[in-house]
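Below, chain A is the first sequence line, B the second, and so on; all start at residue 1. Treat the numbers as computed from the prediction; the structure is a model and nothing was measured.
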Protein chains: 2
Amino acid sequence: MTKGLTKRQAEVLEFINRYLEEHGYPPTVREVAAHFGFRSPRAAHDHMKALQKKGYLRVRAGRPRAVEVVRPRSGIPVLGRIAAGLPILAVEEAEEVLGLDPGFFGSGRFFALRVRGDSMIEEHIQDGDLVILRAQDWARPGEIVAVLLEDEVTLKRYVPRRDVVELHPANPRLEPIVVTPDQAPRILGVMRGLVRKA
Amino acid sequence: MTKGLTKRQAEVLEFINRYLEEHGYPPTVREVAAHFGFRSPRAAHDHMKALQKKGYLRVRAGRPRAVEVVRPRSGIPVLGRIAAGLPILAVEEAEEVLGLDPGFFGSGRFFALRVRGDSMIEEHIQDGDLVILRAQDWARPGEIVAVLLEDEVTLKRYVPRRDVVELHPANPRLEPIVVTPDQAPRILGVMRGLVRKA
DNA sequence: ATCTTTGGTGTACGCACGTATAGTATGGGG
DNA sequence: CCCCATACTATACGTGCGTACACCAAAGAT
């Protein structure tokens with residue numbers, strides 16, 4: 001919940017972000033108040049002041065509609081460290097954010113994963129590439145998925161068989177991983193795109 | 001020059017865009033006036049009205065700082081049709097714009113090129129990929145460049161030899177193109193990244 | 001020769017907007 | 001227990017801001 005914010009504050013921040021994306025400019029204090037049904041602009045103003053004090057907004061005093069959202073306008077979070085067995089998928093908490101218009105790869109929540117090694121080289125995914133994935137816990141046969149294997153996130157092709165689930169690397173020198181459905185690793189998302197730098 | 005706009009109007013539009021990127025919210029009429037040294041807000045207001053009439057801005061009447069830039073906030077133009085021997089590299093004129101934060105791939109002007117065929121498959125660039133290029137008319141040896149060959153844009157590795165320039169595909173089934181420096185095709189840009197969808 | 005477009009100056013109106021003052025209610029921590 | 005943070009209502013002040021009115025000047029186009 002964007003850490004350190006109250007529920008209301010998070011809601012206000014989210015509204016400002018949505019408004020910004022929709023209109024191209026931020027809302028006024030009174031527009032925020034109107035959206036939440038506040039009968040006094042003071043209520044909205046207080047929340048925005050709190051958000052500023054906590055570092056989420058920068059407001060130019062006295063100037064109408066002069067609200068800058070400091071943290072992410074939007075973007076795709078790059079999968080960072082894995083805390084308590086689960087990786088961080090929220091944009092707000094991500095260490096690195098890919099400045100790419102979400103929605104470009106379709107609808108849904110997305111995250112990115114930096115590829116290490118050449119286990120997917122036959123799919124033309126090379127070391128250092130950022131793979132874009134839609135966050136979901138299921139996959140269709142043949143799709144490339146990010147799965148959680150022993151506290152590590154890896155990219156594999158998802159191949160369900162009659163009794164087992166196979167996870168295929170795209171590299172002739174590597175063997176598929178075979179698991180029974182009950183011990184199947186958790187699917188974090190399916191591949192929807194790729195970004196390569198340099 | 002963003003087509004159909006006077007020089008001043010283009011300057012105003014560009015300023016608004018820059019201001020927006022810098023602050024996260026649009027400038028007021030008076031801020032525009034101040035930037036250009038206008039002694040009356042009227043001058044700036046007129047230009048913004050003209051820009052609105054021509055479809056480049058959407059302004060909410062009476063509301064301070066409520067200016068929406070209709071055309072590209074920013075982005076990377078996807079190389080479209082080739083007019084009069086030269087492709088369109090301007091964001092403003094591009095048919096398709098990649099909603100990707102420029103600056104992600106470094107500094108400079110960028111454009112994108114949709115790859116057809118698998119002539120660069122050994123570089124793990126496959127059919128349908130969008131290659132991101134920095135616009136420049138020179139290249140270092142070994143860099144992947146977009147060149148203009150007979151009214152068509154193609155991607156090749158740039159290999160200058162003693163007396164000739166070689167353009168290598170990354171596919172063993174295809175032969176390099178060899179040209180003398182004087183008849184060398186025009187370089188449009190060098191590869192800096194790649195975006196793959198689905 | 002006149003009209004339109006472009007690019008300005010100067011002044012002024014009126015209201016939308018940020019913000020201040022004052023007050024109510026709730027809930028958690030020392 | 002009191003105190004502070006949270007979350008509001010109600011009213012009001014001052015002004016930044018969009019915009020209108022009036023006017024000037026140069027450059028094309030008709």
Check: Charged N to carboxylate O below 4.0 Å: is that the case for A/Lys156 and A/Glu166?
Finding: no
Next item on the list: Do nucleotides 7-18 of chain C as a string where each nucleotide becomes B, S or -: B if the base has a protein heavy atom under 4.0 Å, S if just the sugar-phosphate does, - if no protein is that close.
Entry: SSBB-B---SBB
Notebook entry, point to check: Does the side chain of B/Gln126 come within less than 4.5 Å of B/Asp118's, by heavy atoms?
Noted result: no
Item checked: Other residues, nucleotides, ligands: >12 heavy atoms within 6.0 Å of B/Gln183 CD -> yes
N/O donor-acceptor pairs under 3.5 Å from side chains in residues 190-198 of chain A, not counting sequence neighbours:
{"residue": "A/Arg192", "atom": "NH2", "partner": "A/Glu143", "partner atom": "OE2", "Å": "3.3"}
{"residue": "A/Arg196", "atom": "NE", "partner": "A/Asp129", "partner atom": "OD1", "Å": "3.0"}
{"residue": "A/Arg196", "atom": "NE", "partner": "A/Asp129", "partner atom": "OD2", "Å": "3.3"}
{"residue": "A/Arg196", "atom": "NH1", "partner": "B/Glu123", "partner atom": "O", "Å": "3.2"}
{"residue": "A/Arg196", "atom": "NH1", "partner": "B/His124", "partner atom": "O", "Å": "3.1"}
{"residue": "A/Arg196", "atom": "NH2", "partner": "A/His124", "partner atom": "O", "Å": "3.3"}
{"residue": "A/Arg196", "atom": "NH2", "partner": "A/Asp129", "partner atom": "OD2", "Å": "3.2"}
{"residue": "A/Arg196", "atom": "NH2", "partner": "B/His124", "partner atom": "O", "Å": "3.0"}
{"residue": "A/Lys197", "atom": "NZ", "partner": "B/Phe104", "partner atom": "O", "Å": "3.2"}

Notebook entry, point to check: Just by protein heavy atoms under 4.0 Å, how would nucleotides 25-30 of chain D read 5' to 3' in B, S and -?
Noted result: ------
Item checked: Interatomic distance, B/Lys53 NZ vs C/dT6 C1' [rounded to whole Å] -> 11 Å
Check: Taking the hydrophobic residues Ile, Leu, Val, Met, Phe, Trp and Tyr, and joining any pair whose side-chain heavy atoms are under 4.5 Å apart, which ones share a cluster with A/Trp138?
Finding: none
Below 3.5 Å is the cut-off: list the nitrogen or oxygen pairs between protein and nucleotides 28-30 of chain C, distance only.
none

Notebook entry, point to check: What's the NZ-P distance between B/Lys49 and C/dT5, to the nearest Å?
Noted result: 14 Å
Notebook entry, point to check: Hey, what bend do you get for the helix from C/dT2-D/dA29 to C/dG28-D/dC3 if you fit axes on five pairs at each end, rounded to 10°?
Noted result: 30°
Next item on the list: State whether A/Arg60 and A/Glu68 are salt-bridged, where the test is any N-O pair (Lys NZ or Arg NE/NH1/NH2 against Asp/Glu carboxylate O) under 4.0 Å.
Entry: no
Item checked: 4.5 Å side-chain heavy-atom contact, A/Val159 and A/Pro141 -> no
Notebook entry, point to check: So, do A/Val32 and A/Phe15 sit near enough that their side-chain heavy atoms are less than 4.5 Å apart?
Noted result: yes
Check: Is there a donor-acceptor pair closer than 3.5 Å between any side-chain N or O of A/Arg65 and the backbone N or O of B/Pro64?
Finding: yes
Checklist line | A/Arg18/A/Glu21 salt bridge by N-O under 4.0 Å criterion | finding: no
Next item on the list: For the residue pair A/Leu130 and A/Leu98, establish whether any side-chain heavy-atom pair is separated by less than 4.5 Å.
Entry: yes
Notebook entry, point to check: Considering only heavy atoms from C-beta outward, does the side chain of A/Leu188 approach that of A/Phe111 to under 4.5 Å?
Noted result: yes
Next item on the list: Could you pull out the closest heavy-atom pair between B/Leu174 and B/Pro169, with the gap in Å?
Entry: CB-CG, 3.6 Å
